[in-house]
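Below is one structure, written out as structure tokens; the observations come after it.
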Protein chains: 2
Amino acid sequence: MSFSTKGEYGVRLMVQLGRRYGSGPSSLAEIATDEDLPRPYLEQLVMSLRDAGLVISTRGSHGGYELSRSPEEIPMIAVLRALEGPIAPMICASDESELAHEPTCDRTARCTVNFLWIRIRDAISTTLEGMSLADLVPERLAAPASEPIIIKRRVEAVPDPALV
Amino acid sequence: MSFSTKGEYGVRLMVQLGRRYGSGPSSLAEIATDEDLPRPYLEQLVMSLRDAGLVISTRGSHGGYELSRSPEEIPMIAVLRALEGPIAPMICASDESELAHEPTCDRTARCTVNFLWIRIRDAISTTLEGMSLADLVPERLAAPASEPIIIKRRVEAVPDPALV
DNA sequence: TCGAATTCCGACCGAATCTGTCGGGATTAC
DNA sequence: GTAATCCCGACAGATTCGGTCGGAATTCGA
């Protein structure tokens, strides 16, 4: 039961972009160096983030990636869905694409158990919906000598249309 | 982000044992047939459950497995930990064995991100701690009359009807 | 116009994990 | 003794993980 490094690296990438938000595009090489991650691998990950509309890319010299909107407006559930796919602790409990998943639930204890996976899925989803990228980006204004982690303004109601 | 079939099959196995609780040991062959699962594979899974003290085994003819205690007394978090290992959405956020896991958190955004995994882990853990095997076992009232049913006291059965 | 920087994209690849299978040994009821 | 059953280690095909590689396309600045 775990996320892959795809999720971890991707989130770290997003945090770096959050710190640079408003400074124009940042190159992957720069971020790869900062986070000590393989740049070619980040290239793959950032594709998913771009396709999900979370980052926008600028090609050519002095190009790079930047957040498509402010960190406060990016719920972490959108980030992890882009990186890891739908939140589904088990095939029968996906939060997306409810297409033709009935025939897999025919046996006795199977549907009973499904209740468990749905509860887990909802727990994860709710947690992720309540967090935005801003909750993970260190204060850009305050000095680095402040408290470790501060939950800044929480996005209320998470009115994200592009949530899918 | 998902559990493996190990988790699914193991939980289904436990539900079957829950339905049979009080009837003495049940053979794996019987359960494998009921759930339509490969018996040799279940053999592997049940080892973990036995080692975790959740089921007890009886060897020899007419042997089998049975719950070590009533379904009400078996929290689902114990079941999934036995089957899938510690609840850890990321290496840095395991709920067990906090041994020497500091050196992995040295870089800038890494520890910041760790906050996210801990939140997810806690959400899963809390959910699982609030559920017992009894919540997944269908009512045993309509059991076949041939079975010598032993009505055991059902503990307040974790009043948690609402939710979801 | 040229070249450097950068994204874009598909192909490839070794290692690990997943999802089992197989064969036999140990133990017990009858 | 025999049948049923658990116990346990080894093996193995398929898939996923965690990248690497090479080059094409695009853009900026000189």
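Proteins get letters first, then strands, A, B, ... in listed order; numbering begins at 1 in each.
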From [options], nucleotide with atom closest to [X] side chain:
X       : options                : answer
A/Pro38 : D/dG19, C/dA29, C/dT21 : D/dG19
B/Arg50 : D/dG19, C/dT19, D/dC8  : D/dC8
B/Pro40 : D/dG18, C/dT21, C/dC30 : C/dT21
B/Leu28 : D/dG18, C/dC8, D/dC6   : D/dC6

Exercise: do B/Glu73 and B/Ser70 side chains pair donor with acceptor under 3.5 Å = yes
message = Under a plain distance cut-off of 3.5 Å, with no hydrogens placed, do B/Gln16 and B/Ser26 share a side-chain donor-acceptor pair?
response = no
query = Can you name the closest pair of heavy atoms from A/Gly7 and A/Leu83 and give their distance?
reply = O-CD1, 3.8 Å
ask   = On a plain distance test, is the side chain of A/Gln44 in donor-acceptor contact with the base of D/dG18 below 3.5 Å?
value = no
request  = Kindly indicate whether the side chain of B/Glu43 and the base of C/dT21 share any N or O donor-acceptor pair separated by less than 3.5 Å?
outcome  = no
Roughly how many Å is it from [atom1] in [X] to [atom2] in [N], rounded to a whole number?
X       : N      : atom1 : atom2 : value
A/Ile56 : C/dT6  : CD1   : P     : 17 Å
B/Met47 : D/dG9  : CE    : P     : 8 Å
B/Leu42 : D/dT5  : CG    : C1'   : 14 Å
A/Leu45 : C/dT7  : CG    : C1'   : 15 Å
A/His62 : C/dG3  : NE2   : P     : 18 Å
A/Arg39 : C/dT6  : CZ    : P     : 9 Å
A/Tyr41 : C/dA15 : OH    : C1'   : 13 Å
B/Leu83 : C/dG20 : CG    : P     : 15 Å

ask   = Taking NZ, NE, NH1 and NH2 as the nitrogens, is one of them in A/Arg19 or A/Asp34 under 4.0 Å from a carboxylate oxygen of the other?
value = no
side-chain N/O [X] vs [N] OP1/OP2, d < 4.0 Å:
X       : N      : answer
A/Tyr65 : C/dC8  : yes
A/Ser57 : C/dT7  : no
B/Thr5  : C/dT19 : yes

message = Students often get this wrong, so: under 4.0 angstrom with heavy atoms, is B/Tyr9 touching a base, only sugar-phosphate, or nothing?
response = sugar-phosphate
message = Please verify the inter-ring angle class for B/Phe3 with A/Trp117; under 30° counts as parallel, over 60° as perpendicular, anything in between as tilted.
response = tilted
ask   = On DNA chain D, nearest-nucleotide positions of A/Thr58 versus A/Ser4: which is more 5'?
value = A/Ser4
